[in-house]
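Right, one structure below, let's go through it.
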Amino acid sequence: QLHFVESGGGLVHPGGSLRISCDASGSTLSNWNIGWFRQAPGKEREAVACVSSHDSDTKYADTFKDRFTISRDDAKKAVYLQMDNLEPEDSAIYYCQETALYVVVRPTCTLRPVSENVKWGPGTEVTVSS
């Protein structure tokens, strides 16, 4: 039920930084758990990070924990991914998507889409090259 529009990608030199944005809309924004995913040529889509709706709990794939930071702004209905020290292998199309929930003590985001057949947005392309 959520709709996403990604932006902020572009060409970056190795070692550079980018902050990409995910603008969301929908009736469930008051309780939304969003993740960033990426897909590079010749590779499967992989999870990058996610942020939970209420307390901003975050999860990161091990590859990105030290270089990427996910955050959200509920007032702006946006989720961001700050990417630092980018490397050529980070080149990919980056997507945001509602994630499945992990419910034990409280619901938190996970590093997988809410379903296996989600509707992906257009993504934003990040190219890291000299």
Side-chain angles (χ1 to χ4, degrees):
Q1 291 78 19
L2 296 175
H3 177 72
F4 307 100
V5 178
E6 302 92 344
S7 64
L11 176 64
V12 187
H13 291 116
S17 298
L18 274 179
R19 184 174 184 253
I20 56 177
S21 301
C22 170
D23 296 313
S25 62
S27 61
T28 61
L29 281 179
S30 61
N31 186 21
W32 49 298
N33 301 268
I34 307 297
W36 281 99
F37 303 79
R38 75 180 190 184
Q39 187 166 23
K43 296 184 178 180
E44 296 182 352
R45 183 180 291 109
E46 63 179 332
V48 176
C50 72
V51 58
S52 299
S53 62
H54 296 300
D55 54 7
S56 295
D57 280 351
T58 59
K59 295 184 177 67
Y60 296 87
D62 290 341
T63 305
F64 315 108
K65 187 174 183 178
D66 295 329
R67 298 187 297 118
F68 293 4
T69 303
I70 189 170
S71 62
R72 78 167 193 266
D73 188 329
D74 289 339
K76 297 181 179 179
K77 301 178 181 179
V79 175
Y80 308 100
L81 185 68
Q82 177 68 42
M83 302 180 290
D84 297 318
N85 196 22
L86 286 162
E87 303 171 353
E89 54 264 37
D90 294 318
S91 297
I93 299 177
Y94 287 73
Y95 305 88
C96 58
Q97 181 61 250
E98 183 181 7
T99 77
L101 299 180
Y102 177 73
V103 182
V104 179
V105 179
R106 64 187 188 279
T108 58
C109 72
T110 65
L111 296 176
R112 65 182 187 272
V114 67
S115 73
E116 64 179 28
N117 292 313
V118 296
K119 298 178 181 178
W120 298 94
T124 186
E125 186 172 8
V126 174
T127 302
V128 185
S129 175
S130 299

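Nothing here was measured: the structure is a model prediction, and the numbers come from that model.
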Less than 3.5 Å apart, which donor and acceptor atoms pair up between the side chains of residues 112-125 and the rest of the protein, not counting sequence neighbours?
unit_1 : atom_1 : unit_2 : atom_2 : d
Thr124 : OG1    : Gly9   : N      : 2.8

Exercise for the section: State plainly whether the residues Lys76 and Asp23 are in salt-bridge range, i.e. N to O under 4.0 Å. Expected result: no

Exercise for the section: Taking the side chain as every heavy atom from C-beta outward, state whether Arg38 and Val126 have any pair of such atoms under 4.5 Å apart. Expected result: no

Exercise for the section: Following the transitive rule for hydrophobic clusters with a side-chain heavy-atom cut-off under 4.5 Å over Ile, Leu, Val, Met, Phe, Trp and Tyr, establish whether Ile93 and Ile20 coincide in one cluster. Expected result: no

Exercise for the section: Examine Trp36 and Val12 and state if one hydrophobic cluster contains both, with Ile, Leu, Val, Met, Phe, Trp and Tyr joined whenever side-chain heavy atoms are less than 4.5 Å apart. Expected result: yes

Problem - Tyr60 OH: over 12 foreign heavy atoms closer than 6.0 Å - result: yes

Practice task
Mind listing the closest non-hydrogen atom pair of Ser91 and Pro41 along with its distance?
Solution key: O-CD, 4.4 Å

Handout entry: Value rounded to 0.5 Å, distance of CD in Glu87 from OG1 in Thr63
Key = 10.0 Å

Exercise for the section: Determine, stepwise, if the pair Asn85 / Ser17 fulfils side-chain contact (heavy atoms from CB on, under 4.5 Å). Expected result: CA-CA 6 Å; Asn85 196 22; Ser17 298; over 6 Å; no

Handout entry: Donor-acceptor pair, side chain of Asn33 and main chain of Thr108, under 3.5 angstrom
Key = no

Practice task
Apply side-chain contact (heavy atoms from CB on, under 4.5 Å) to Val79 and Cys96, showing your working.
Solution key: CA-CA 8 Å; Val79 175; Cys96 58; 5.9 Å; no

Exercise for the section: Please check if the side chain of Thr99 supplies one atom and the backbone of Cys109 the other of a donor-acceptor pair under 3.5 Å. Expected result: no

Practice task
Kindly work out whether a path of hydrophobic side-chain contacts (I/L/V/M/F/W/Y, heavy atoms less than 4.5 Å apart) joins Leu101 to Val104.
Solution key: no

Fill in the blank from the handout: Note: Ala47 and Ala61 closest approach over all heavy atoms is O-CB, 3.5 Å

Handout entry: Stepwise side-chain contact (heavy atoms from CB on, under 4.5 Å) check, Val48 with Phe37
Key = CA-CA 5 Å; Val48 176; Phe37 303 79; 5.6 Å; no

Exercise for the section: Using a strict 4.0 Å threshold on nitrogen-to-oxygen distance, state whether Lys59 and Asp57 make a salt bridge. Expected result: no

Handout entry: Short side-chain donor-acceptor distance under 3.5 Å, Arg19 and Tyr80
Key = no

Problem - Transitive ILVMFWY side-chain link Val128 to Leu81, under 4.5 Å - result: yes

Problem - Cluster check Met83, Phe64: I/L/V/M/F/W/Y, side chain < 4.5 angstrom - result: yes

Practice task
Please answer whether the main-chain N or O of Val51 pairs with a side-chain N or O of Thr58 as donor and acceptor at a distance below 3.5 Å.
Solution key: no

Problem - Test log, rule side-chain contact (heavy atoms from CB on, under 4.5 Å), inputs Ser129 and His13 - result: CA-CA 5 Å; Ser129 175; His13 291 116; over 6 Å; no

Problem - Non-hydrogen side-chain atoms of Tyr94 and Gln39 separated by less than 4.5 Å - result: no

Problem - Polar side-chain atom of Thr110 near backbone of Ala100 as donor-acceptor pair, under 3.5 Å - result: yes

Problem - Interatomic distance, Glu6 atom CD to Gln97 atom CD [nearest 0.5 angstrom] - result: 8.5 Å

Handout entry: Flag for Gln82-Asp84: side-chain donor and acceptor within less than 3.5 Å
Key = yes

